[in-house]
Each structure stands twice: as C-alpha cells, then as structure tokens.
Amino acid sequence: MNERIVIDPKICHGKPVIRGTRTPVTVILDALAGGDTFKMLQTDYDITAEDIRACIEFASTEIKDIRYFPVPS
C-alpha cells in the first residue's frame, strides 16, 4: 500500500486518509475533479504535492482490478 495513505478504523471511520491528517483521499480527488489546483489544495489542507499524487495513485490502484460489464439495453 501507498505509504502516504492510511486506513485506520479509528480515523474517519476507516476511510483512506493522508497520513498525519484527517483528510480523506476522496476529499482531495473531488476537489481536483472540481478544478482545484495542487497549490490550492496544498494551502487549504496543509499537504504536499506528493500527498496529492499519492491520493491519485491510491485511487488508480483501487480501480485497476475492477471489472466492468456492459448492461444490455
């Protein structure tokens, strides 16, 4: 697992967070999807660019092995 991302049932109900924070990975990904820049996130959440990249890497790794099947119409 990514060393910058932690999953601990005692922190944010076990949601993946950036190590040393209570900032969930999903918050960072949603902000990026909404148009926030790395610089904005670094300032708003007191995290590093490497932390943001770790969130992206974590999400990519999580969905890599999911299989998708077309739904017949």
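- Between Arg22 and Val17 the shortest side-chain heavy-atom distance does not fall below 4.5 Å.
- Taking the side chain as every heavy atom from C-beta outward, Thr61 and Asn2 never approach each other to under 4.5 Å.
- In this structure the side chain of Ile47 reaches within 4.5 angstrom of the side chain of Ile52, judged on heavy atoms.
- Atom CD1 in Ile66 sits 12.0 Å away from atom NZ in Lys64 (nearest 0.5 Å).
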Where do Arg53 and Phe38 land on the side-chain contact (heavy atoms from CB on, under 4.5 Å) test, with the steps shown first? CA-CA 9 Å; Arg53 287 187 191 94; Phe38 272 42; 4.0 Å; yes
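- Counting only heavy atoms from C-beta outward, the side chains of Ile56 and Leu32 approach each other to under 4.5 Å.
- The closest side-chain heavy-atom distance from Ile5 to Cys55 is below 4.5 Å.
- Among all heavy-atom pairs drawn from Ala49 and Gln42, the shortest one is N-NE2, 3.3 Å.
- By the side-chain contact (heavy atoms from CB on, under 4.5 Å) test, Ala31 pairs with Asp36, Leu41, sequence neighbours left out.
- For the atom pair Thr48 OG1 and Arg4 CZ, the distance stands at 4.5 Å (nearest 0.5 Å).
- Other residues, nucleotides and ligands contribute only 12 or fewer heavy atoms inside 6.0 Å of the CG atom of Asp46.
- Here the OH atom belonging to Tyr45 is positioned 5.5 Å from the CD1 atom belonging to Ile28, to the nearest 0.5 angstrom.
- The line from CD1 of Ile7 to NE2 of His13 is 15.0 Å long, rounded to the nearest 0.5 Å.
- To the nearest 0.5 Å, atoms CD (Glu50) and CD (Glu3) are separated by 11.0 Å.
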